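Below: one structure, written as structure tokens.
All ligand and atom numbering here is 1-based and tracks the order in the structure. For the numbers below, each heavy atom of this structure counts, side chains included, while hydrogens, waters and symmetry mates do not. This one's a predicted model, so the numbers in the text were calculated from it and none came from an experiment.
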Amino acid sequence: MRIGILGAGGMADALGTQWAGAGHEVMVSGRDPGRSAARAAGMTARAAAARPVRAGDFAEAAGFGEVVVVAVREEGLPATLRAAGPALRGKPLIDVTNVPFPEYDGTRSPARLIGELSGGHVVKAFNLCHVDVWRMTPPVFDGRPLAVPLCGDDPAAKAAAGTLVTDLGCTPVDGGGLDRAVLLEATAAFVIGLWFGGADAQAILPPLLSSGAHGQG
Ligand SMILES: NC(=O)c1ccc[n+]([C@@H]2O[C@H](COP(=O)([O-])OP(=O)(O)OC[C@H]3O[C@@H](n4cnc5c(N)ncnc54)[C@H](OP(=O)(O)O)[C@@H]3O)[C@@H](O)[C@H]2O)c1
């Protein structure tokens, strides 16, 4: 798969390196060509990629990707999407962004904004875990592969996102439609707050067997 990444920061580096190592063609992009090129070179070296990771500007990455990953800071979204341009229309867009902690107040949804500004098929994913988790090969905790919820409306875009989740060694979980992306964004803000307070956010939920009958008797 050709993956264009809007962003050349930590998330672009972590996810893109894994995908390049899994055999995908990856292009990162940022505002500074030198910084993006250096990022791409580092990713190529670490991924031992068959094909070098490329660097371009936002429009080039948007045009390059069969799937485009949005991995920029929230404050940069409008300018980045404007620069990426019409190539995003109708494409699968994987949105990993969060509202910065502790600014989250429920009024801003990056996923909704990306959908409105790009016309792409947005799938919210990868926003619940710290960047270092996405560098793990694979992310497995207590013997269990990490599950990654996906929220989006377009079946083909969701299937592409599911493939990229599987390529990390993780398990895709259908999180429902794009209207539920705001819940993933709120969940990120909530658990980041717990982690900052030193609490183990993983411990707040019971296993499935203790989650109630859910109409099954
Ligand atoms: N870090 C995490 O643990 C983590 C985990 C889950 C989700 N996320 C989300 O993923 C997204 C990317 O995070 P990251 O850790 O990769 O961030 P980062 O390392 O700071 O990189 C930010 C990227 O955004 C680009 N950008 C474009 N416009 C910008 C602007 N106005 N201000 C600042 N940066 C701008 C930067 O471009 P240049 O290359 O030109 O500087 C850079 O490529 C964020 O929305 C974040 O909330 C992060």
Tell me the contacting part of Asp32 for ligand 1: side chain, backbone, both, or neither, using a 4.0 Å heavy-atom threshold, strictly below.
backbone

Logged contact type for Arg35 with ligand 1, heavy-atom cut-off 4.0 Å, is side chain

Identity and distance of the protein heavy atom lying nearest atom 32 (N) of ligand 1
Arg31 NH1, 3.6 Å

For atom 13 (O) of ligand 1, grab the closest protein heavy atom and report residue, atom and distance to one decimal in Å.
Met11 CG, 3.8 Å

Which heavy-atom pair separates Phe141 from Leu146 by the least distance, and what is that distance?
CE1-CD1, 4.2 Å

Identify each donor-acceptor pair in which a side-chain atom of residues 8-16 lies under 3.5 Å from a protein atom, sequence neighbours left out, and give them as a table.
residue: Asp13; atom: OD1; partner: Arg46; partner atom: NH2; Å: 2.5
residue: Asp13; atom: OD2; partner: Arg46; partner atom: NH2; Å: 3.1
residue: Asp13; atom: OD2; partner: Arg135; partner atom: NH1; Å: 2.5
residue: Asp13; atom: OD2; partner: Arg135; partner atom: NH2; Å: 3.4

The residue among Thr97, Thr187, Asn98 that forms side-chain hydrogen bond (donor to acceptor under 3.5 Å, both in side chains) with Asn127 is Asn98

Identify which of Val69, Asn98, Leu128, Val99 has a heavy atom lying nearest to atom 47 (O) of ligand 1.
Asn98

Is a salt bridge present between Glu60 and Arg54, judged by a nitrogen-to-oxygen distance below 4.0 Å?
no

Counting only heavy atoms closer than 4.0 Å, does ligand 1 sit against the backbone of Thr80, its side chain, both, or neither?
side chain

closest protein heavy atom to atom 44 (C) of ligand 1 is Val72 O, 3.3 Å

Measure the distance from atom 9 (C) of ligand 1 to every protein heavy atom, then report the residue, atom name and distance (to 0.1 Å) of the closest one.
Val96 O, 3.4 Å

Under a 4.0 Å heavy-atom limit, does Pro100 contact ligand 1 with its side chain, its backbone, both, or neither?
neither

Please state whether Ala79 comes within less than 4.0 angstrom of ligand 1, counting heavy atoms only.
no

Would you check whether Cys129 reaches within less than 4.0 Å of ligand 1, judged by its heavy atoms?
yes

Would you call the rings of Trp134 and Phe126 parallel, tilted or perpendicular if under 30° counts as parallel and over 60° as perpendicular?
perpendicular

Can you list the other members of the hydrophobic cluster that holds Leu93, where links are side-chain heavy atoms under 4.5 angstrom apart?
Leu6, Phe58, Val68, Val70, Val72, Leu77, Leu81, Leu88, Leu113, Ile114, Leu117, Val122, Leu178

Any nitrogen or oxygen of Ala8, side chain or backbone, less than 3.5 Å from one on ligand 1?
yes

With the side chain counted from C-beta on, respond yes when Val99 and Pro110 share a heavy-atom pair under 4.5 Å apart, and no when they do not.
yes

Atom 28 (N) of ligand 1 sits nearest the protein heavy atom Gly76 CA, 3.5 Å

Non-hydrogen atoms of Met43 and Val26 that approach each other most closely:
CE-CG1, 4.4 Å

